[in-house]
Amino acid sequence: MRAAMEEAINAALRAEVPIGAVITDESGTIIAKSGNATRELNDPTAHAEILAIRQACEKAGAQRIPNTTLYVTLEPCAMCAAAISFARIKRVVFAAQDFKGGGVLHGGKFYEQTTCHHKPSVESGLMAQECGQILKDFFKSKR
C-alpha cells in the first residue's frame, strides 16, 4: 500500500485527484503502478486502477491477469470495479472507503450484482487513515 500511496502523492503533484494503485504478482512483486491521470490525459477513464490494469495486461500479453493483487488508496468506483472483474484480478485491497463514489462496498456494489462474472476477494482499511488524509489535504487545498 505504501507504493500505492506514493503514486497518489505523485498524482497530487500533477494536480490530479490523489489516488494510487499498484498490482502485484503472486510473489508480491510490483508489476504495474499508476496514479490518476484523468486531467493529464483528458480521459475520464484514466483512473489509477484502470491505468495499472492496462500496464499489467500489456506486460502479461493478455486481457486477464489472474493471481494478482490490486492495492489502491481509495475504494474503486463502479467502472474500476468492473475492470477489476473483467481482468480477473484475484484480490483487491483498498485503504479508504468511498461512501459517495465507491462501487465495491458502497453505491452499486458491483461484486454483489448477478451480472458480475468474477468476484475478487476484497479487503479494506489497510492504511486507511494515511491514504484518506492525502485526499482530505488535497481537497482542502482546492477550497
Side-chain angles (χ1 to χ4, degrees), residues 1-26 28-60 62-113 115-143:
M1 190 61 76
R2 291 200 190 286
M5 255 180 60
E6 288 178 28
E7 291 299 317
I9 291 166
N10 290 336
L13 294 173
R14 297 188 320 271
E16 297 282 352
V17 174
I19 299 170
V22 168
I23 298 177
T24 63
D25 63 17
E26 288 180 291
T29 302
I30 294 173
I31 59 171
K33 60 184 178 177
S34 188
N36 272 3
T38 59
R39 292 183 176 131
E40 180 181 346
L41 298 176
N42 295 316
D43 179 354
T45 69
H47 289 195
E49 301 96 309
I50 301 285
L51 296 174
I53 289 168
R54 288 176 184 163
Q55 285 177 24
C57 287
E58 186 174 329
K59 282 184 182 177
Q63 69 180 22
R64 295 183 177 149
I65 46 174
N67 302 316
T68 58
T69 298
L70 171 76
Y71 294 89
V72 62
T73 57
L74 184 67
E75 177 180 353
C77 69
M79 173 183 70
C80 292
I84 291 162
S85 177
F86 294 148
R88 302 301 195 263
I89 291 173
K90 183 177 185 176
R91 180 173 163 236
V92 176
V93 180
F94 67 85
Q97 292 187 32
D98 187 348
F99 299 99
K100 184 176 180 184
V104 177
L105 299 180
H106 302 91
K109 298 180 183 177
F110 185 82
Y111 303 132
E112 294 180 21
Q113 303 307 310
T115 55
C116 179
H117 296 290
H118 167 76
K119 179 181 179 178
S121 69
V122 175
E123 298 170 37
S124 66
L126 179 64
M127 298 180 68
Q129 180 68 27
E130 299 95 316
C131 293
Q133 194 62 51
I134 293 169
L135 283 158
K136 288 176 187 172
D137 292 346
F138 176 80
F139 287 113
K140 185 176 182 182
S141 74
K142 298 293 180 189
R143 294 183 184 129

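Side chains included, hydrogens not; waters and symmetry mates left out as well; all remaining heavy atoms used. For reference, positions follow the sequence shown, starting with 1.
Checking side-chain atoms of N36 against main-chain N and O of V17 turns up a donor-acceptor pair under 3.5 Å. With hydrogens and angles disregarded, no donor-acceptor distance shorter than 3.5 Å links the side chain of D25 to the backbone of T68. With hydrogens and angles ignored, the 3.5 Å screen pairs no side-chain donor or acceptor of E75 with any backbone N or O of F99. Formation of a donor-acceptor pair under 3.5 Å by the T73 side chain with backbone atoms of G20 is found in this model. R39 places a side-chain N or O within donor-acceptor distance of the main-chain N or O of A15, the cut-off being under 3.5 Å. Side chain of Q113 to main chain of G108: a donor-acceptor pair is present (N/O by atom type, distance under 3.5 Å, no hydrogens or angles). Side-chain atoms of E49 never come within 3.5 Å of backbone atoms of A81 as a donor-acceptor pair (strictly under, hydrogens ignored). Formation of a donor-acceptor pair under 3.5 Å by the S124 side chain with backbone atoms of F94 is not found in this model. K33 places no side-chain N or O within 3.5 Å of a backbone atom of A3 that could act as its donor or acceptor partner.
Between the OG atom of S85 and the CZ atom of R64 there is a distance of 9.5 Å, given to the nearest 0.5 Å. The CZ atom of R91 sits 4.0 Å away from atom CD of E123, with the distance rounded to the nearest 0.5 Å. Atom CZ of residue F138 and atom CD1 of residue I9 lie 13.0 Å apart, to the nearest 0.5 angstrom. Note: S121 OG to I89 CD1 = 11.0 Å, rounded to the nearest 0.5 Å. For the atom pair M1 CE and E7 CD, the distance stands at 13.0 Å (nearest 0.5 Å). Here Q129 contributes atom CD and M127 contributes atom CE; the two are 11.0 Å apart, rounded to the nearest 0.5 Å.
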Practice prompt. Given side-chain contact (heavy atoms from CB on, under 4.5 Å), test R54 with T45 step by step and report yes or no.
Written response: CA-CA 11 Å; R54 288 176 184 163; T45 69; 3.3 Å; yes
Practice prompt. Could you go through the side-chain contact (heavy atoms from CB on, under 4.5 Å) check for M5 and I134 one step at a time?
Written response: CA-CA 9 Å; M5 255 180 60; I134 293 169; 3.9 Å; yes
Worksheet entry | Derivation of the side-chain contact (heavy atoms from CB on, under 4.5 Å) call for I23 and I65 | CA-CA 10 Å; I23 298 177; I65 46 174; 4.1 Å; yes
Worksheet entry | Test log, rule side-chain contact (heavy atoms from CB on, under 4.5 Å), inputs H117 and R88 | CA-CA 9 Å; H117 296 290; R88 302 301 195 263; 4.2 Å; yes
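Residues M79 and F110 have side chains not in contact (no heavy-atom distance under 4.5 Å, counting atoms from C-beta outward). A heavy-atom distance below 4.5 Å is not found between the side chains of P44 and T38. You'll find the side chain of K90 stays beyond 4.5 Å of the side chain of P66, heavy atoms only. No side-chain heavy atom of V92 sits less than 4.5 Å from a side-chain heavy atom of V104. Residues C80 and I50 are in side-chain contact: their nearest non-hydrogen atoms beyond the backbone lie under 4.5 Å apart. Considering only heavy atoms from C-beta on, H106 stays 4.5 Å or farther from D98 through its side chain.
A pairwise comparison of heavy atoms in A52 and A32 identifies O-CB, 3.3 Å as the closest pair. Looking at every heavy atom in both residues, Y111 comes nearest to H118 through CD2-O, 4.1 Å. Pairing each heavy atom of I84 with each of P120, the nearest pair is CG2-CG, 4.0 Å. In plain terms, the two heavy atoms of I19 and A11 that are nearest each other are O-CB, 4.3 Å.
A donor-acceptor contact closer than 3.5 angstrom is absent between the side chains of N10 and E6.
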